Amino acid sequence: MTRAVGILGIGSYVPEKILTNNDLEKMVDTSDAWITERTGIRQRHIAAKDEATSDLAFKAAVAALDDARVKAEELDLVICATASPDHAFPSVACLVQERLGAVKAAAFDLGAGCSGFVYSLAVASQMIQNGLYDKILIIGAETLSRIMNWQDRNTCVLFGDGAGAAVVGAVDEGLGVLGIDLGSDGSGAYHLYQPAGGSRRPASAATVAANQHTIHMNGREVFKFAIKILGRTSLRALEKAGMKPEELDLLFSHQANLRIITVAAKRLRIPMEKVWVDVDKYANTSAASIPIALREAQDAGVLKKGDKLLLCGFGAGLTWAAIVLRWAK
Ligand SMILES: CC(C)(COP(=O)(O)OP(=O)(O)OC[C@H]1O[C@@H](n2cnc3c(N)ncnc32)[C@H](O)[C@@H]1OP(=O)(O)O)[C@@H](O)C(=O)NCCC(=O)NCCS
């Protein structure tokens, strides 16, 4: 059995507290001008002391369920894409499942870095298409501020906290997911990683003192990778959908850096008017960036039923993912 599968509802949540580039100038040797020119970022949201990833995820999930007019009890599965879970285990998805009262849902987290939301949509769409499940909640949620070295200007200016969620289910024929491309190149694994706190380097006083529990990144290598892969994965997903880049109505790239988004759009010959950009407001919220952008576009009234969208991302792994879909709401 196969059926068309798409997004039935979308939700997002970002913490109240805003940290501007000017605020960061007082914390590390950086400047608003440098951050804006090199990344397009102007501010980011930061979770409150008592807010963990599952709290952000829960709020985004409630908004997505409301938007889809789906009850938590109807959900068959909850997937949460995150690189900054509340705990190594249990999964964030299990914590959210319990809080929502999604009593019949299975739940697991998905680790694909910033590509995680698009990966989750790929997994969910296939499970529904095959008839295993009817309704799946997918979430991208991060509190990267908790694993940030606030003395390292190479990383701390780039990231923000937030969550986005979508309810995935059957949609009218011809709408929903049309083409998927996923990939990974583990040879770049250590260009973007958290060195300690896992089985390779368990937590100890020494690892804490050496800041080994924070994000370590070779920014130039990740930049080169992103430039190379975003156009390529997008073209593969478009090919599977039988669509040309010029047919697209809107491009939703992972919001990491405006320069990366601009290069990807250029490769695809998509004018910037068709490219959603909100990295200035939220910075890089990793797995949350694409659903946050989708909800923002919906609230702005620019998403219409039947619109042809491309979602594409890249991230730790190194991973990449692209999905072409026709908006079904
Ligand atoms: C990190 C990134 C913004 C750096 O931009 P860049 O133009 O490549 O800058 P460079 O790495 O060449 O660094 C240029 C200089 O700026 C300095 N610099 C780095 N961060 C700075 C900051 N916040 N403020 C001021 N100067 C900074 C560097 O130390 C370097 O100085 P040096 O030449 O004296 O060594 C860019 O490489 C990038 O976006 N990479 C991808 C990161 C990403 O997307 N990660 C998430 C993946 S999901």
Side-chain angles (χ1 to χ4, degrees), residues 19-44 81-84 110-120 140-145 147-162 164 182-195 214-231 233-234 252-265 277-280 282-293 311-322:
L19 187 72
T20 65
N21 291 351
N22 294 124
D23 296 331
L24 276 167
E25 282 177 352
K26 294 169 201 137
M27 297 162 64
V28 280
D29 180 16
T30 190
S31 67
D32 175 43
W34 192 96
I35 303 170
T36 310
E37 274 164 33
R38 302 291 182 112
T39 71
I41 297 165
R42 292 183 183 278
Q43 61 173 48
R44 68 286 294 142
T82 185
S84 48
L110 186 149
C114 304
S115 313
F117 181 81
V118 186
Y119 261 72
S120 299
E142 306 283 4
T143 46
L144 295 173
S145 63
I147 53 167
M148 202 56 63
N149 177 353
W150 290 102
Q151 273 94 54
D152 177 14
R153 68 177 185 176
N154 291 294
T155 51
C156 76
V157 304
L158 301 175
F159 298 94
D161 298 337
L182 305 178
S184 142
D185 177 4
S187 70
Y190 294 108
H191 290 325
L192 179 53
Y193 78 123
Q194 187 182 8
T214 58
I215 293 178
H216 284 52
M217 183 179 73
N218 182 338
R220 270 176 219 181
E221 285 303 321
V222 176
F223 191 89
K224 278 196 285 183
F225 160 74
I227 296 293
K228 187 180 74 184
I229 209 66
L230 270 184
T233 185
S234 298
F252 289 90
S253 167
H254 169 48
Q255 306 281 315
N257 182 321
L258 182 57
R259 282 155 61 210
I260 295 173
I261 298 170
T262 307
V263 172
V277 176
D278 61 20
V279 69
D280 52 328
Y282 307 112
N284 180 348
T285 57
S286 189
S289 87
I290 288 179
I292 288 174
L311 318 181
C312 59
F314 63 94
L318 298 169
T319 58
W320 60 89

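The structure presented is a predicted model; accordingly, all values stated were derived computationally and were not measured. Numbering starts at 1 and runs along the sequence shown. Each ligand, and each atom within it, is numbered from 1 in the order the structure gives.
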query: Starting from atom 36 (C) of ligand 1, which protein heavy atom do you reach first, and at what distance in Å?
result: F223 CD1, 3.8 Å
query: For atom 28 (C) of ligand 1, which candidate among M217, R153, K224 provides the closest heavy atom?
result: R153
- prompt: Which of the atoms in ligand 1, numbered in the order shown and given with their element, are less than 4.0 Å from a heavy-atom of N154?
  reply: 19 (C), 20 (N), 29 (O)
- prompt: What atoms in ligand 1 come closer than 4.0 Å to a heavy atom of A256?
  reply: 44 (O)
message: Checking a contact table here: which protein heavy atom is nearest atom 43 (C) of ligand 1, and how many Å away?
response: V222 CG1, 3.8 Å
- prompt: Using a distance-only test with no angle check, is there a side-chain donor-acceptor pair under 3.5 angstrom linking H216 and N149?
  reply: no
query: Looking only at protein heavy atoms, which one is nearest to atom 48 (S) of ligand 1, and how far off is it?
result: C114 SG, 2.8 Å
- line: So the atoms of ligand 1 within less than 4.0 Å of a heavy atom of N284 turn out to be 46 (C), 48 (S)
query: Do side-chain atoms of R153 reach the backbone of V28 as a donor and acceptor pair under 3.5 angstrom?
result: no
query: Polar-atom distance check: G219 versus ligand 1, any N or O pair below 3.5 Å?
result: yes
query: Can you list the ligand 1 atoms lying under 4.0 Å from a non-hydrogen atom of T39?
result: 3 (C)
- request: Run down the list E37, E25, R38 and name the one with the heavy atom closest to atom 7 (O) of ligand 1.
  value: R38
statement: Here the atoms of ligand 1 under 4.0 Å from any heavy atom belonging to N257 are 3 (C), 38 (C), 39 (O)
task: Counting heavy atoms only, name the option from H191, R220, Q255, R259 that's nearest to atom 5 (O) of ligand 1.
output: R259
query: What pairs with E37 under salt bridge (charged side-chain N to carboxylate O under 4.0 Å, His left out), at least two apart in sequence or on another chain?
result: none
message: Counting non-hydrogen protein atoms only, what is the nearest one to atom 24 (N) of ligand 1? Give residue, atom name and distance.
response: T30 OG1, 2.6 Å
Distance-only side-chain donor-acceptor flag, E142 / T82, under 3.5 Å: yes
- prompt: Among protein heavy atoms, which sits nearest to atom 1 (C) of ligand 1, and what does the distance come to when rounded to 0.1 Å?
  reply: L158 CD1, 3.9 Å
statement: Counting from 1 in the order shown, the ligand 1 atoms closer than 4.0 Å to a non-hydrogen atom of L192 are 47 (C)
- request: Identify, by atom number and element, the atoms of ligand 1 in contact range of V157, meaning under 4.0 Å from any of its heavy atoms.
  value: 23 (N)
Side-chain (S234) to main-chain (L230) donor-acceptor, under 3.5 angstrom: yes
message: Donor-acceptor pair, distance only, cut-off 3.5 Å: does the side chain of Y282 make one with the backbone of F159?
response: no
- prompt: For F314 and H254, what are the C-alpha separation, side-chain angles and deciding distance, and is it a side chain to side chain contact (heavy atoms under 4.5 Å, CB included)?
  reply: CA-CA 7 Å; F314 63 94; H254 169 48; 3.8 Å; yes
field: Option set F225, F314, W34, criterion heavy-atom distance to atom 15 (C) of ligand 1, minimum
entry: W34
statement: When rounded to the nearest 0.5 Å, the distance separating CG of L158 from CE of M148 is 8.0 Å
message: Any protein heavy-atom neighbour for atom 34 (O) of ligand 1 (distance below 4.0 angstrom)?
response: no
Spatial distance of atom CE (M27) from atom CG (L19) [nearest 0.5 Å]: 5.5 Å
query: Between Q43 and I41, is there a donor-acceptor pair closer than 3.5 Å when you use the side chain of the first and the backbone of the second?
result: no
N22 and R42: side chain donor to acceptor below 3.5 Å: no
